[in-house]
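I have placed the structure first, in the form of structure tokens, so that the comments after it can refer back to it.
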Amino acid sequence: MINIAVYNDGLDNENYDLIVRLDDVIVNQKTDNQYIAKELLGVGTFGSVYRCVKYNSNFAIKIIKYINAFNI
């Protein structure tokens, strides 16, 4: 995945995917839950999926692309 900051005030790459690096903390702003990114599992049309860890448990976190990516 390309990790050069282009869109969304430098948070997204040229494909409008959020730039996430290994061991970055991903925060769910609604619940304030925090997950540590460990591995990129896949990238698709609508976003990316990461394997994350919280309290020694594994989670798959899907991050949807920035909404402007879908404006025509």
Side-chain angles (χ1 to χ4, degrees):
M1 178 182 280
I2 300 168
N3 285 324
I4 298 171
V6 178
Y7 300 110
N8 194 18
D9 295 325
L11 297 174
D12 294 345
N13 65 20
E14 66 184 14
N15 296 319
Y16 293 94
D17 290 302
L18 181 68
I19 297 171
V20 177
R21 293 175 179 84
L22 291 182
D23 295 322
D24 275 357
V25 176
I26 299 172
V27 179
N28 180 327
Q29 293 179 341
K30 291 184 179 181
T31 64
D32 206 34
N33 285 327
Q34 298 182 8
Y35 305 88
I36 300 171
K38 292 296 181 183
E39 176 185 8
L40 175 64
L41 297 177
V43 178
T45 301
F46 297 103
S48 305
V49 178
Y50 291 87
R51 180 179 68 84
C52 298
V53 175
K54 178 181 178 179
Y55 303 129
N56 294 322
S57 294
N58 287 296
F59 295 87
I61 304 293
K62 183 173 185 177
I63 301 175
I64 304 299
K65 290 181 186 256
Y66 187 58
I67 194 75
N68 285 347
F70 301 109
N71 290 341
I72 296 176

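Bear in mind that the values here come from a model prediction, so they are computed numbers and not experimental data.
- Judged as a side chain to side chain donor-acceptor pair (under 3.5 Å), and not counting sequence neighbours, the contacts of N58 are R51.
- In the hydrophobic cluster analysis, where Ile, Leu, Val, Met, Phe, Trp and Tyr join through side-chain heavy atoms closer than 4.5 angstrom, V27 is grouped apart from I63.
- For N56, the side chain to side chain donor-acceptor pair (under 3.5 Å) criterion is met by no residue, not counting sequence neighbours.
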Show which side-chain atoms of residues 4-11 pair as donor or acceptor with protein atoms under 3.5 Å away, not counting sequence neighbours.
from	atom 1	to	atom 2	distance (Å)
N8	ND2	D12	OD2	3.4

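- Between the side chain of N15 and the backbone N or O of D17, no donor-acceptor pair lies under 3.5 Å.
- The hydrophobic clustering, which links ILVMFWY residues whose side-chain heavy atoms are closer than 4.5 Å, places I61 and I36 apart.
- Annotation: side chain of L18 is not in contact with side chain of S48 (no heavy-atom distance under 4.5 Å).
- In the hydrophobic clustering of ILVMFWY residues, with side-chain heavy atoms under 4.5 Å counting as a link, F59 and L40 come out together.
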Let's go through D23 and K38 carefully: what are the C-alpha distance in whole Å and the side-chain angles of both, what is the deciding distance for side-chain contact (heavy atoms from CB on, under 4.5 Å) to 0.1 Å, and is it a yes or a no?
CA-CA 6 Å; D23 295 322; K38 292 296 181 183; 2.6 Å; yes
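- Grouping Ile, Leu, Val, Met, Phe, Trp and Tyr residues whose side-chain heavy atoms lie under 4.5 Å apart, directly or via other members, places L41 in a hydrophobic cluster with V49.
- The salt bridge (Lys or Arg N to Asp or Glu O under 4.0 Å) search around D32 returns none, not counting sequence neighbours.
- Residues that satisfy the salt bridge (Lys or Arg N to Asp or Glu O under 4.0 Å) test with K62, not counting sequence neighbours, are absent from this structure.
- Closest approach of A37 and R21 over heavy atoms only: CB-O, 3.9 Å.
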